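This report concerns only the one structure given below.
Residue indices begin at 1 and follow the sequence shown. Please read all numbers here as calculations on a predicted model, not as lab measurements.
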Amino acid sequence: MRAVGVDYFPAVTHAPGVGRFARELVRAAVRLEDRPELVLLDWGGGERSINEPALGLAGAEGVRRVSSGLPRRVGSWPGAAALLRRRLGRLDAFQAVQSGWPPPVGASRVLPFSSLPGEADIKRTRAELAGAAQVQCFSREARAFLTGELGLEPARCHQVPVGAEHWWRDAGDDLRAAGPNEERRAVLVLGAVDEDRGHLAVLEAFERQFEAGTTDELIVLGRRGNAAEEFASRLRFSSARSVINWIQSPVEADLPRIVSEAAVLVHLGASDATPVTPLEVLRFGRPAVCLDRPTYREALGDVGHYVEPARKKRQGEPLVPVLGAALESAFDVEASAARRARAERFTWEACARATLDVWRAAADGA
């Protein structure tokens, strides 16, 4: 295997999600001794707001960047695929990041799967999977869904680990050494305010714990999603509104500090097929409250705190005692050490090594 292409545009334009996956995967892969040449397709219109040292490419050999400011929609134009093939050169495999991009470039396509689709998206997801030579997933739950519900051939489905050290790496010595601040018992929620993330349930449970004096701040860090209007309306009448901070335009550079200073993360992602967010918080020794789903149980094990899915989207009652227990454990030194040790098992180097095997499988089947 001589060369592998990577869709790199999200890595330099989008801090979370698919952007972080592409950025951290490449950052780790360039340090592997037995890797192929990496051809980074940085194609798309928009500002490249993420640069060194975040990219981690300085001084790396065997890396070639193919850049263009043309919008990605030109991929559907006649001749676009031929143009890309000429620019990229001969590739053995191509690591996609988002569905539908790039157009065929003469290499076997590897597609990551990180979110369980709703009923309305099943047909589209099957079509996307059919266009991939190999598929990566990040939990046993996701693999069972792919090979069971969606009918993906097991030989094309590969579970790879996620990494959990990027905020820890960027935090600096002072934040890494600091323990949780008992004078600031902040509850943190990360991710867009969407219906499947349970922000209303978190708000209700936080209000109960705030009234009991066990917490004094709620930080909601995420853009406006499909539940934003309802959440904003509920906030206006919240008994704890004076201590609730909704950061709608997160700054990636601030996240290591925000995560390290929080007491507890609440992560109720119902469709997430990756445990990366709670693992990132465990890396700092902080507890994470998650939905009781196999994806989170597999990764967090007995150091996680779990809550049954609410029957009503506003129902925060089941979350109240779980949040209380997590807040109590936030300042337990032994529990904090156990959480860090659990998260240390998950590295981007391991993700890159496993992905290298997926690239080889794609190249062998080309």
Side-chain angles (χ1 to χ4, degrees), residues 116 141 180 184-222 225-228 230-247 258-259 261-282 284-332 335-336 339:
L116 303 178
E141 180 183 19
R184 186 188 181 203
R185 296 169 172 254
V187 174
L188 175 65
V189 184
L190 296 172
V193 181
D194 288 329
E195 290 180 357
D196 71 343
R197 293 191 177 276
H199 286 78
L200 294 170
V202 176
L203 177 57
E204 182 179 337
F206 171 78
E207 290 169 340
R208 294 277 297 277
Q209 292 294 343
F210 178 69
E211 291 166 4
T214 58
T215 181
D216 50 25
E217 184 179 3
L218 174 62
I219 303 170
V220 178
L221 197 150
N226 57 26
E230 189 174 12
F231 183 68
S233 177
R234 178 68 175 77
L235 273 182
R236 286 194 289 270
F237 299 97
S238 172
S239 60
R241 60 185 178 276
S242 62
V243 295
I244 298 173
N245 182 17
W246 182 7
I247 303 172
I258 292 172
V259 170
E261 293 177 352
V264 173
L265 170 78
V266 181
H267 187 72
L268 304 185
S271 62
D272 289 2
T274 167
V276 64
T277 298
L279 283 171
E280 290 171 318
V281 175
L282 259 63
F284 287 89
R286 309 300 185 259
V289 177
C290 302
L291 279 186
D292 195 353
R293 288 182 45 216
T295 288
Y296 303 130
R297 285 272 185 184
E298 178 187 355
L300 276 62
D302 59 4
V303 304
H305 296 260
Y306 305 100
V307 60
E308 292 291 332
R311 295 181 180 178
K312 300 178 182 178
K313 63 180 179 180
R314 291 196 180 195
Q315 186 180 2
E317 189 68 27
L319 181 57
V320 175
V322 182
L323 178 57
L327 284 162
E328 184 176 350
S329 78
F331 309 100
D332 184 306
S336 180
R339 288 188 286 262

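The two residues Ala288 and Leu300 make their nearest non-hydrogen contact at CB-CD2, 4.2 Å. Counting all heavy atoms, side chain and backbone alike, Val307 lies closest to Pro318 at CG2-O, 3.6 Å. Here the closest non-hydrogen pair linking His199 and Gly191 is NE2-O, 3.7 Å. Closest of all the heavy-atom pairs between Val264 and Ala330 is CG2-CB, 4.4 Å. The two atoms that bring Ala270 and Leu291 nearest to each other are CA-CD1, 3.8 Å, heavy atoms only. The two residues Ala299 and Leu279 come nearest to each other via the heavy atoms CB-CD1, 4.1 Å.
Side-chain atoms of Tyr296 come within 3.5 Å of backbone atoms of Gly269 as a donor-acceptor pair (strictly under, hydrogens ignored). One N or O on the side chain of Asn226 and one on the backbone of Glu195 form a donor-acceptor pair closer than 3.5 Å. Listed for the Arg286 side chain is a donor-acceptor partner under 3.5 Å among the backbone atoms of Ala262. The main-chain N or O of Ala232 is never found under 3.5 Å from a side-chain atom of Trp246 such that the two would form a donor-acceptor pair. A side-chain donor-acceptor contact under 3.5 Å links Arg241 to the backbone of Ser238.
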Practice task
Just do the side chain to side chain contact (heavy atoms under 4.5 Å, CB included) check on Leu218 and Val202 with the steps written out, would you?
Solution key: CA-CA 9 Å; Leu218 174 62; Val202 176; 4.3 Å; yes
Handout entry: Thr295 and Thr274: CA distance, side-chain angles, deciding distance, side chain to side chain contact (heavy atoms under 4.5 Å, CB included) verdict
Key = CA-CA 7 Å; Thr295 288; Thr274 167; 5.7 Å; no
Problem - side chain to side chain contact (heavy atoms under 4.5 Å, CB included) between Leu200 and Phe231, intermediate numbers included - result: CA-CA 6 Å; Leu200 294 170; Phe231 183 68; 4.0 Å; yes
Exercise for the section: Evaluate side chain to side chain contact (heavy atoms under 4.5 Å, CB included) for Val189 paired with Leu221, printing each intermediate quantity in order. Expected result: CA-CA 6 Å; Val189 184; Leu221 197 150; over 6 Å; no
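Within 6.0 Å of CD in Glu298 there are more than 12 heavy atoms belonging to other residues, nucleotides or ligands.
Between Arg185 and Glu217, none of the side-chain N atoms (NZ, or NE/NH1/NH2) sits under 4.0 Å from a carboxylate O, so this pair counts as no salt bridge. With respect to Arg293 and Glu308, no salt bridge is recorded, no charged nitrogen being found less than 4.0 Å from a carboxylate O.
By the 4.5 Å heavy-atom criterion applied to side chains, Val220 and Asn245 are not counted as neighbours. Here the side chains of Leu327 and Val187 are in contact, with some heavy-atom distance below 4.5 Å.
For the atom pair CZ (Arg234) and CD1 (Ile244), the distance works out to 8.0 Å, reported to the nearest 0.5 Å. To the nearest 0.5 Å, the span separating NE2 on His305 from NE2 on His267 amounts to 15.5 Å. A distance of 4.0 Å separates OG of Ser239 from CD of Glu207, quoted to the nearest 0.5 Å. We find the CG-CD distance between Leu190 and Glu280 to be 8.0 Å, quoted to the nearest 0.5 Å. Atom CD of Glu261 and atom CD1 of Ile219 lie 8.0 Å apart (nearest 0.5 Å). Between Leu265 atom CG and Cys290 atom SG the span is 6.5 Å, to the nearest 0.5 Å.
In this structure, the salt bridge (charged side-chain N to carboxylate O under 4.0 Å, His left out) partners of Arg197, at least two apart in sequence or on a different chain, are Asp272. With sequence neighbours excluded, the residues forming a salt bridge (charged side-chain N to carboxylate O under 4.0 Å, His left out) with Asp292 are Arg297, listed by chain and number.
Under 3.5 Å, the side chains of Gln209 and Thr215 contain no donor-acceptor pair of N or O atoms.
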